Amino acid sequence: MFVRHPDNPIISAEMWPYPVHSVFNAGAALLEGSTVLLVRAEDFRGISHLTVARSVDGITGWEIDSHPSFTPQPDEWPEEVWGIEDPRVTWLEEKMEWAIAYTAYSKAGPLVSLATTKDFISFNRLGAVMPPEDKDAALFPVRFGGRWAMLHRPVPTTFWKVGAHIWLSFSPDLRHWGDHCQVISAREGSWWDANKIGLSAPPLMTREGWLILYHGVRTTASGSIYRLGLALLDKDNPTRLTHRTDPWIFGPHASYEREGDVDDVVFPCGWVLADDTIRLYYGAADYSLAVATANLNDVLDMVKAYPLNGATGFMPWRYTAFPD
């Protein structure tokens, strides 16, 4: 479904203008004719920050900021004491700015924080919006019933019993969130996405509804394997899951995906759509950044082949009263 670029990995620590250990898990945007990546960079302490990289074709010729672009500020934002990670970028046309959902690593565990930017040069923090443990968050680009919506993945203390699933929450102002509901559930047993799933790239609006790319974590005797699947949410009511692939559609195969700081991981935080071609940017083995491409129509045909039935979309419970 997604074809790896032959020059992968396209970005590595060796390209960085200042010393870092690894670069991976980047948010992506199209801005003024260029592709902008907000890249997670891990320093030699093990603390992550975000740095902007720009390219005209989105593959080569990356211009990387000469210093960290968005750094932890634990003095003012104590939830960032152990770093900031895994940004997902959404254009909010109503506000004419980009919203960035990222993981702030607090002493109590990872949580969801938000920031905004108009140019990827200056950033305005909104602060923590979900308590720990929570991550894998991204905003929808439009309001529903006058409210913003955000997908995220809380992990309960009873995770080993009930699993970790993708949730949806609503907000009038991007700061206060409520009406939480579980929209995509981890499956059970030996499925590739059993027990623990999370959002990958932000929701993408298509003629068939909101295209969702998510990751599933399968635990094996030799460790975890991160693979990707697809789902569709209703265009007007994102609490309604309409389709979900049974098989995984992309997983670690190349050597740079199978060996790294964390083996057997493909982890996208961003994608862009240009002329019906999806460019998917993903972290490879938590060490470098790679890209794969697919035709949007092919992707939609794939996910539409799996309407919900008894084998997919298992939900132990859900909030059903979609807000007006």
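For this chain, numbers begin at 1 and follow the sequence in order. What you see is a predicted model; the values in this text were computed from it and never measured.
By the 4.5 Å heavy-atom criterion applied to side chains, Ile225 and Pro252 are counted as neighbours. Proximity of Leu30 to Arg279: side-chain heavy atoms (C-beta onward) are separated by under 4.5 Å at one or more points. A 4.5 Å side-chain heavy-atom check between Lys107 and Val81 finds at least one atom pair inside the cut-off. Considering only heavy atoms from C-beta on, Glu85 stays 4.5 Å or farther from Tyr102 through its side chain. Looking only at side-chain heavy atoms (C-beta outward), Leu289 and Trp62 stay at 4.5 Å or farther from each other. A 4.5 Å side-chain heavy-atom check between Asp261 and Ser22 finds at least one atom pair inside the cut-off. Put simply, the side chain of Met302 reaches to within 4.5 Å of the side chain of Pro247, judged on heavy atoms. Proximity of Thr242 to Tyr306: side-chain heavy atoms (C-beta onward) are nowhere separated by under 4.5 Å.
In this structure, Ile84 is a member of the same hydrophobic cluster as Leu38, with clusters built from ILVMFWY side-chain heavy atoms closer than 4.5 Å. Connection of Val52 to Ile64 is not established within any shared hydrophobic cluster, with ILVMFWY side chains joined at heavy-atom distances below 4.5 Å, either directly or through further cluster members. At a threshold of 4.5 Å between side-chain heavy atoms, the hydrophobic network of Ile, Leu, Val, Met, Phe, Trp and Tyr places Ile184 and Met205 in one connected group. Under a hydrophobic clustering in which Ile, Leu, Val, Met, Phe, Trp and Tyr are joined whenever their side-chain heavy atoms come within less than 4.5 Å, directly or via other members, Trp248 and Leu241 fall into the same cluster. Residue Val217 is not grouped with residue Trp192 when hydrophobic side chains (ILVMFWY) are merged at heavy-atom distances under 4.5 angstrom, including chains of intermediate members.
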| side chain to side chain contact (heavy atoms under 4.5 Å, CB included) between Leu92 and Leu174, worked out | CA-CA 11 Å; Leu92 306 181; Leu174 298 178; 4.1 Å; yes

| said: Under the criterion salt bridge (charged side-chain N to carboxylate O under 4.0 Å, His left out), I'd like the reasoning laid out for Arg147 against Asp179: C-alpha separation, chi angles, the key distance, then a yes or no. | reply: CA-CA 11 Å; Arg147 298 190 294 178; Asp179 284 342; 2.9 Å; yes

| said: Would Met130 and Leu114 count as a side chain to side chain contact (heavy atoms under 4.5 Å, CB included) here? Give the steps. | reply: CA-CA 10 Å; Met130 293 290 169; Leu114 293 180; over 6 Å; no

| field | Criterion side-chain hydrogen bond (donor to acceptor under 3.5 Å, both in side chains) on Asn124 and Ser122, from CA distance to verdict | value | CA-CA 7 Å; Asn124 174 49; Ser122 61; over 6 Å; no

| task | Evaluate salt bridge (charged side-chain N to carboxylate O under 4.0 Å, His left out) for Asp193 paired with Arg227, printing each intermediate quantity in order. | result | CA-CA 8 Å; Asp193 55 356; Arg227 300 186 178 109; over 6 Å; no

| said: Evaluate Phe2 against Val266 for side chain to side chain contact (heavy atoms under 4.5 Å, CB included), listing each step before the verdict. | reply: CA-CA 12 Å; Phe2 283 88; Val266 291; over 6 Å; no

| task | Check the pair Phe267, Tyr282 against ring-ring contact (aromatic ring centres under 6.0 Å, His included), reporting the backbone distance first and the verdict last. | result | CA-CA 5 Å; Phe267 198 92; Tyr282 64 97; over 10 Å; no

| message | Could you walk me through whether Leu37 and Ile11 satisfy the side chain to side chain contact (heavy atoms under 4.5 Å, CB included) test, starting with their C-alpha distance in whole Å, then the side-chain angles of each, then the deciding distance to 0.1 Å, before giving a yes or no? | response | CA-CA 10 Å; Leu37 298 184; Ile11 295 181; 3.9 Å; yes

| query | Could you walk me through whether Glu208 and Lys235 pass the salt bridge (charged side-chain N to carboxylate O under 4.0 Å, His left out) check? | reply | CA-CA 7 Å; Glu208 302 293 342; Lys235 177 180 65 173; over 6 Å; no

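A salt bridge does not link Glu76 to Arg125: none of the charged side-chain nitrogens sits closer than 4.0 Å to a carboxylate oxygen. Contact check on Asp43 versus Arg45 returns a salt bridge, with a Lys/Arg side-chain nitrogen under 4.0 Å from an Asp/Glu carboxylate oxygen. Using a 4.0 Å cut-off between charged side-chain N and carboxylate O, Arg153 and Asp134 make no salt bridge.
Crowding of Arg258 atom CZ: a count of heavy atoms from other residues, nucleotides or ligands under 6.0 Å not exceeding 12. Residue-environment remark: CD (Gln73) exceeds the threshold of 12 foreign heavy atoms within 6.0 Å. Glu94 CD: more than 12 foreign heavy atoms inside a 6.0 Å radius.
Counting only distance, with no hydrogens or angles, the side chain of Glu257 and the backbone of Ala254 share a donor-acceptor pair below 3.5 Å. With hydrogens and angles disregarded, no donor-acceptor distance shorter than 3.5 Å links the side chain of His253 to the backbone of Phe250. No side-chain donor-acceptor contact under 3.5 Å links Asp75 to the backbone of Pro78. Judged purely by atom type and a 3.5 angstrom limit, Ser169 has no side-chain atom pairing as donor or acceptor with the backbone of Met150. With Arg54 contributing its side chain and Gly61 its backbone, the two residues share no donor-acceptor pair below 3.5 Å. Arg40 places no side-chain N or O within donor-acceptor distance of the main-chain N or O of Pro87, the cut-off being under 3.5 Å. Judged by distance alone, with hydrogens and angles left aside, the side-chain atoms of Trp16 form no donor-acceptor pair with the main-chain N or O of His21 at under 3.5 Å.
Sorted by first and then second residue, the pairs that involve residues 286-302 and meet side chain to side chain donor-acceptor pair (under 3.5 Å), not counting sequence neighbours, are Arg207-Asn297.
Once rounded to the nearest 0.5 Å, the distance linking CZ of Phe170 with SG of Cys181 reads 5.5 Å. Atom OG of Ser185 sits about 6.5 Å away from atom CD1 of Ile197, to the nearest 0.5 Å. With values rounded to the nearest 0.5 angstrom, Leu280 atom CG is found 8.0 Å from Ser200 atom OG. To the nearest 0.5 Å, atoms OG1 (Thr206) and CG (Leu232) are separated by 6.0 Å. Between the CG atom of Asp119 and the OG1 atom of Thr117 there is a distance of 4.5 Å, given to the nearest 0.5 Å. Distance check: Leu296 CG to Ile278 CD1 gives 5.0 Å after rounding to the nearest 0.5 Å.
Using modelled atom types and a 3.5 Å distance limit, the side chains of Thr71 and His49 yield no donor-acceptor pair. A side-chain N or O of Ser55 and one of Asp57 form a donor-acceptor pair less than 3.5 Å apart. Using modelled atom types, one finds no donor on one side chain facing an acceptor on the other under 3.5 Å when comparing Ser224 with Arg218. In summary, the side chains of Ser12 and Glu14 do present a donor paired with an acceptor at a separation below 3.5 Å, with no hydrogens or angles considered.
Minimum heavy-atom separation, Trp77 to Gly127: CZ3-CA, 3.5 Å. Among all heavy-atom pairs drawn from Tyr256 and Ala290, the shortest one is CE1-CB, 3.9 Å. Pro202 and Arg88 get closest at one heavy-atom pair: CG-CB, 4.0 Å.
In this structure, Phe140 has its ring center under 6.0 Å from that of Trp210. Between His152 and Tyr214, the distance separating the two ring centers is not shorter than 6.0 angstrom.
By the 30° and 60° cut-offs, the orientation of the rings of Phe70 relative to Phe123 is tilted. Using bins of under 30°, 30° to 60° and over 60° for the plane-to-plane angle, the ring pair Trp98/Phe120 lands in the tilted bin.
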